[in-house]
Trainee: 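Below: one structure in structure tokens.
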Amino acid sequence: MRLCFLVEENYRHDGMPNEVIRQLTAWGHQVDVLRPGGSLLHMTEAVRAGTHDAWVLKTVSGGPGLTLLEAAASAGMTTVNDARSIRGVRDKALAAAIGRARGLPLPRTYAAARPELLAELPASEYPLVVKPADGSSGRAVHLVASPDRLAAMVPELAREGLLIAQPYVPNSGIDIKVYCVGGELYATERRSPLHPEHAVRERRVPLSAEVAAIVDQVGAVYGLDLYGVDVLLGPDGPVVVDVNDFPSFRQVPDAVARVARAVLGLARAGQGAAAGLTGEQHGAVGGASLEVRAHPDPVSVPGAGPVEVVLPAQAVDSAQAAASAQGPAPVHIPAVAGDGA
């Protein structure tokens, strides 16, 4: 197969995805690498239909890679993950609206175009977790104890663009990170970015049935195939606090080969879907089970004042129906087993 990986400068020397690229090459596949953050891109030539079996994105939120991936998708090429699904989780305000409407256990979420607008939130909502709507890798995540502390942080937060704020969920200071690859789930625990004082060694941990069901639902709601979910164990049960497309897969056993096989499985299934699989169908594609999912369309978040990001479930259903009428839905395929060759 011929694959194209979009790798931004932040991940140029990172094991994920570089080791995956080397593994795919060793299996005899051709892998082209584009660096959208450090290259002049000839957009009309880069995304010619049929030049690659699949495009894979490993970039930071807000970088140019997603635009290129979306261009590839618009030309009819398979993308990993689906380009529309990536947009739906990289915008954390949008992700909160979709997730809450579909029954995921997410905190109440407010969005504000300017940090001073968050001053309208009542004191009862504190402490707050405030972070950029397009943040990643724990960047600029703040635990804000009081309205006075928020006022003092306004100059710092003003540089971050659209912000989201969520009431803090009391927890032990440990995040559960669950990775999904090839239809399988792997759980690790690590120190929360809000509690740097805790000495926690990142390690594999057992995955409860309750958390596993939530993580599987995350994939279904957002239309993701390769993803990670950050979960807190709060006083009222597990709470989803972040969703990442194509994460690091740290602590996943044999992660490189598993991710490489998953990419190949998704590419093969995408070819099958392009050949005529439409609607709500199930079938064998390269040894994998194929499920065509509807995808929640983006939802506009108003910018005047701090807005609680809540979307009625019927609005999501209507958006999904409109998306189905406009074109094919994203495809979710657990990766095929085998050596990938």
Trainee: Locate the shortest heavy-atom distance separating Leu121 from Tyr126; write the atom from each residue and the value.
Mentor: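 Answer, listing the atom of Leu121 first, then Tyr126: O-CE1, 4.2 Å.
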Trainee: What's the shortest heavy-atom distance between Val144 and Met153, and which atoms?
Mentor: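 Reported closest heavy-atom pair: CG2-SD, 3.9 Å.
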Trainee: Nearest 0.5 Å please: distance from the NZ atom of Lys58 over to the CG atom of Asp245.
Mentor: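 Rounded to the nearest 0.5 Å, the NZ-CG separation comes out at 8.0 Å.
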Trainee: Tell me the salt bridge (Lys or Arg N to Asp or Glu O under 4.0 Å) pairs involving residues 123-132, sequence neighbours left out?
Mentor: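 Only Arg108-Glu125 qualify under salt bridge (Lys or Arg N to Asp or Glu O under 4.0 Å).
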Trainee: Hey, what do you get for OG (Ser172) to CZ (Arg191), rounding to the nearest 0.5 Å?
Mentor: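 Going from OG on Ser172 over to CZ on Arg191, the span is 13.5 Å.
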Trainee: Which residue in the set Val154, Val130, Ile164, Leu128 passes side chain to side chain contact (heavy atoms under 4.5 Å, CB included) when paired with Leu118?
Mentor: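 Testing each of Val154, Val130, Ile164, Leu128 against Leu118, the sole residue satisfying side chain to side chain contact (heavy atoms under 4.5 Å, CB included) is Val130.
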Trainee: Output yes when Asp242 and Lys92 qualify as a salt bridge under the 4.0 Å nitrogen-oxygen rule, no when they do not.
Mentor: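 A salt bridge links Asp242 with Lys92.
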Trainee: Please give me the minimum heavy-atom distance between Gly173 and His195, naming the atom from each residue.
Mentor: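 That closest heavy-atom pairing would be CA-CD2, 3.6 Å.
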Trainee: Can you tell me how far CG of Leu232 sits from CG of Asn171, rounded to the nearest 0.5 angstrom?
Mentor: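 Rounded to the nearest 0.5 Å, the CG-CG separation comes out at 4.5 Å.
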Trainee: According to a 4.5 Å side-chain heavy-atom criterion applied to Ile, Leu, Val, Met, Phe, Trp and Tyr, with indirect links allowed, do Val241 and Val215 form part of one hydrophobic cluster?
Mentor: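 In one cluster with Val241: Val215, no.
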Trainee: Rounded to the nearest 0.5 Å, how far apart are CD of Glu8 and CG of Asp14?
Mentor: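 Output value for this atom pair is 13.0 Å.
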Trainee: Looking at CG of Asp32 and OG1 of Thr51, how far apart are the two atoms once the value is rounded to the nearest 0.5 Å?
Mentor: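 Nearest 0.5 Å value for the CG-OG1 distance: 8.5 Å.
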Trainee: Taking all atoms of both residues into account, what is the closest heavy-atom pair of Ala267 and Thr78, and its distance?
Mentor: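 So the two residues come closest at CA-CG2, 4.4 Å.
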Trainee: For a quick test of your reading: what N or O donor-acceptor pairs under 3.5 Å do the side chains of residues 177-190 make, sequence neighbours left out?
Mentor:
{"unit_1": "Lys177", "atom_1": "NZ", "unit_2": "Asp230", "atom_2": "OD1", "d": "2.9"}
{"unit_1": "Lys177", "atom_1": "NZ", "unit_2": "Asn244", "atom_2": "OD1", "d": "2.3"}
{"unit_1": "Tyr179", "atom_1": "OH", "unit_2": "Ser248", "atom_2": "OG", "d": "3.4"}
{"unit_1": "Glu184", "atom_1": "OE1", "unit_2": "Tyr186", "atom_2": "OH", "d": "2.5"}
{"unit_1": "Glu184", "atom_1": "OE1", "unit_2": "Arg258", "atom_2": "NH1", "d": "3.0"}
{"unit_1": "Tyr186", "atom_1": "OH", "unit_2": "Arg258", "atom_2": "NE", "d": "3.4"}
{"unit_1": "Tyr186", "atom_1": "OH", "unit_2": "Arg258", "atom_2": "NH1", "d": "2.7"}
{"unit_1": "Thr188", "atom_1": "OG1", "unit_2": "Lys177", "atom_2": "O", "d": "3.3"}
{"unit_1": "Glu189", "atom_1": "OE2", "unit_2": "Arg203", "atom_2": "NE", "d": "2.9"}
{"unit_1": "Glu189", "atom_1": "OE2", "unit_2": "Arg203", "atom_2": "NH2", "d": "3.0"}
{"unit_1": "Arg190", "atom_1": "NH2", "unit_2": "Asp230", "atom_2": "OD1", "d": "3.4"}
{"unit_1": "Arg190", "atom_1": "NH2", "unit_2": "Asp230", "atom_2": "OD2", "d": "3.3"}

Trainee: Taking CZ in Arg2 as the centre, count heavy atoms belonging to other residues, nucleotides or ligands within less than 6.0 Å. Is the count above 12?
Mentor: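 Yes.
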Trainee: Would you name the heavy atoms of Leu6 and Gly65 that are closest together and state the gap between them?
Mentor: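 Looking at all heavy atoms of both residues, the shortest contact is CD1-O, 3.6 Å.
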Trainee: Search all heavy atoms of Pro238 against all heavy atoms of Ile214 and return the closest pair with its distance.
Mentor: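 Minimum heavy-atom separation between Pro238 and Ile214: CB-CD1, 3.8 Å.
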Trainee: Which distance, rounded to the nearest 0.5 Å, do you find between the CG of Leu94 and the OG1 of Thr109?
Mentor: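 Leu94 atom CG to Thr109 atom OG1 measures 11.5 Å (nearest 0.5 Å).
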